[in-house]
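All ligand and atom numbering here is 1-based and tracks the order in the structure.
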Amino acid sequence: MDKLVINGGKALAGRVVVSGAKNAVLPIMAAALLVDGSLKIERFPHLRDTATMIKLLNIVGATTSLEGDVLEINASTVNKPEAPYELVKTMRASFYVLGPLVSRFGFARVSLPGGCAWGPRPVDFHLKGLEKLGAKITLEGGYIVAEAKRLKGNRIPFEIPSVGATGNMVMAAVLAEGITIIENAACEPEIAQLCKFLNLMGGKISGIGSAELTIEGVNNLRPVSITVIPDRIEAGTFLMAGAMVGGITIGDTNPAHLTTVIDKLEQAGAEISIDGNDITIKKPERIKAVDVTTTVYPGFPTDLQAQWIAMMSLADGTAVVTDTIYRDRFAHIPELNRMGANIKLNKNVAIVYGQNNLKGAPVMSTDIRASASLILAGLAAEGRTDISRVYHIDRGYEKIENKFRSIGADITRETEQ
Ligand code: UD1
């Protein structure tokens, strides 16, 4: 197993370019299953999760070829609409294939994901939504079996917005008969891009980016090419690194997707300037304590909560960080505390008592974003930090140590025996 070794305290400088967004490309890859033909995805991020999705596409019978950062998918050969437990348990987003498979083939067998490091993550909205569209859903040996001759449009009111369930329902409804209206839909840019992609292919979706999506079913879609939007979570992670240890430019990103994060960073004292798709950030003399509550887009993303806590560990004062999306997503706190942070957790509220400095220590990665927070802490800490189980970070960040090294960090990957 690999670990990352960081010698902290080095100031960062230079420009770093973000990759295509993981959470945008995964549903786009699943949507390729809706088309009889070959399509291209550009700015494809090389991640563990995208490799898992390629494996899954191949298992169901699609052919794929990857050259540089262009992935070509041909789903005209799909012959086995089934997602095995071995893959779904390693990546919950595999569940995205359920909607497209049942919609196009009238049948899908997809393993239930099971538990997650950050508490219960149910898929009930996905299943209730598909039932609304007329699918018969049964559970067989841990697998969801969904069947429908042809899905029929309907009104799907979600209790709360769900990124995954919205994406799954849009993909299911695009080839359904009649009109589907999704109420309380997720407004995240990654879902907006999925909808735009489906429309490019001939889908009829309106209300994109709003909480109500209207999908008029079509009979078939045609293959097209798409360039994945920049990863706003990766950009946000680099922005926080800049606020903690440097003056850096985050390149080829979309500042419009980061307004809340930029606003919070400015409140924390960072100096930020935007030039087209580049964001430059300068570290303040001392970070100010700023409270954050995660909410759905355009609010502060839960996927940057761990990194914000790492940054607030060095603030002048006390910050309250509340996660309303995933209430148990705090496995990074005991690890940060091992590095000298002082963070107390009360249910879904972290109280971060800012310290003058952090100290390097051996720590353990528990999930993608928790690992990113440990890297930030390691970069700012005095001395050496060893982060083990980095396969978690490889799920969602492309060549993270190379990117940080290119802007001056002392970070290397070692293979543990
Ligand atoms: C996606 C992102 C993840 C991000 C999360 C919230 C991907 C691949 N992953 O995850 O990085 O942290 O959005 O922005 O895009 N819920 C239910 N029942 C369901 C589905 C969801 O109760 O059937 C609840 C969840 O427990 C959670 C909330 O809805 O409290 C939002 O979850 P959701 O938006 O679905 O997250 P994911 O799509 O799994």
Side-chain angles (χ1 to χ4, degrees), residues 20-31 45 47-50 52-53 56 87-88 90-99 110 112-132 137 144 146 156-172 182 184-195 211 228-229 231-234 236-237 257 260-261 293-308 322-332 347-348 367-373 392-393 395-397:
K22 169 179 90 74
N23 290 351
V25 74
L26 291 172
I28 286 173
M29 292 169 79
L47 306 166
R48 251 180 112 95
D49 275 10
T50 50
T52 302
M53 191 56 108
L56 182 49
L87 286 189
V88 183
T90 63
M91 184 185 72
R92 299 174 56 85
S94 312
F95 213 67
Y96 267 136
V97 301
L98 182 63
V110 175
L112 268 180
C116 164
W118 11 298
R121 291 180 71 186
V123 287
D124 53 324
F125 298 168
H126 302 240
L127 302 180
K128 276 187 217 151
L130 278 180
E131 278 177 339
K132 286 252 180 209
I137 306 280
I144 294 297
I156 305 178
F158 285 131
E159 277 163 51
I160 52 168
S162 155
V163 172
T166 303
N168 232 336
M169 288 318 105
V170 168
M171 290 190 275
I182 303 178
N184 225 353
C187 306
E188 271 65 7
E190 294 77 16
I191 293 299
Q193 181 165 49
L194 171 68
C195 295
V228 181
I229 55 170
D231 196 311
R232 65 193 165 100
I233 304 302
E234 187 194 4
T237 303
H257 292 164
T260 308
V261 176
T293 298
T294 68
T295 51
V296 295
Y297 187 82
F300 194 92
T302 174
D303 284 349
L304 286 172
Q305 173 258 103
Q307 300 88 319
W308 191 261
T322 309
D323 201 320
T324 68
I325 307 287
Y326 283 109
R327 306 174 71 86
D328 301 310
R329 193 182 196 183
F330 289 103
H332 39 287
K347 295 190 179 131
N348 64 327
D367 65 70
I368 308 176
R369 311 303 171 189
S371 318
S373 81
H392 288 293
I393 198 139
R395 288 189 52 192
Y397 288 86

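When side chains are defined from C-beta on, Pro113 counts as touching Val123, because their heavy atoms get closer than 4.5 Å.
Residue-ligand proximity, Val163 to ligand 1, at heavy-atom distances under 4.0 Å covers atoms 1 (C), 13 (O), 15 (O), 33 (P), 34 (O), 35 (O), 38 (O). Short contacts between ligand 1 and Asp303, defined as distances under 4.0 Å to a heavy atom of the residue, involve ligand atoms 3 (C), 4 (C), 11 (O), 12 (O). Near Gly164, meaning under 4.0 Å from any of its heavy atoms, are these atoms of ligand 1: 35 (O), 38 (O). Residue contact check: His126 has heavy atoms under 4.0 Å from atoms 23 (O) of ligand 1.
Counting only distance, with no hydrogens or angles, the side chain of Thr260 and the backbone of Pro298 share a donor-acceptor pair below 3.5 Å. Of the possible donor and acceptor atoms, none in the side chain of Asp323 sits under 3.5 Å from a partner among the backbone N and O of Asn348. Under the 3.5 Å distance criterion, the side-chain polar atoms of Asn168 are matched with a main-chain donor or acceptor of Gly99. Glu188 contributes no side-chain N or O that, together with a main-chain N or O of Val163, makes up a donor-acceptor pair within less than 3.5 Å.
Among the atoms of Arg369, none of the N or O lies under 3.5 angstrom from an N or O of ligand 1. Among the atoms of Leu26, none of the N or O lies under 3.5 angstrom from an N or O of ligand 1. Between Ile325 and ligand 1, at least one pair of N/O atoms sits closer than 3.5 Å.
With a heavy-atom cut-off of 4.0 Å, Ser162 touches ligand 1 through backbone and side chain alike.
Within the 4.0 Å heavy-atom shell around ligand 1 one finds Arg329. No heavy atom of Ala186 sits closer than 4.0 Å to any atom of ligand 1.
Distances from atom 29 (O) of ligand 1 to the heavy atoms of Ile160, Thr294, Ile368, Thr302 put Ile160 nearest. With Val25, Val296, Val123, Asn23 as candidates, the residue nearest to atom 8 (C) of ligand 1 on a non-hydrogen basis is Asn23.
Under a 4.0 Å N-O distance rule, the pair Glu234/Lys22 does not qualify as a salt bridge. Look at Arg329 and Asp303 and you find a salt bridge, because one of the NZ, NE, NH1 or NH2 atoms lies within 4.0 Å of a carboxylate O, short of that distance.
The aromatic rings of His257 and Tyr297 lie perpendicular to each other, with more than 60° between the two planes, well past the 30° mark.
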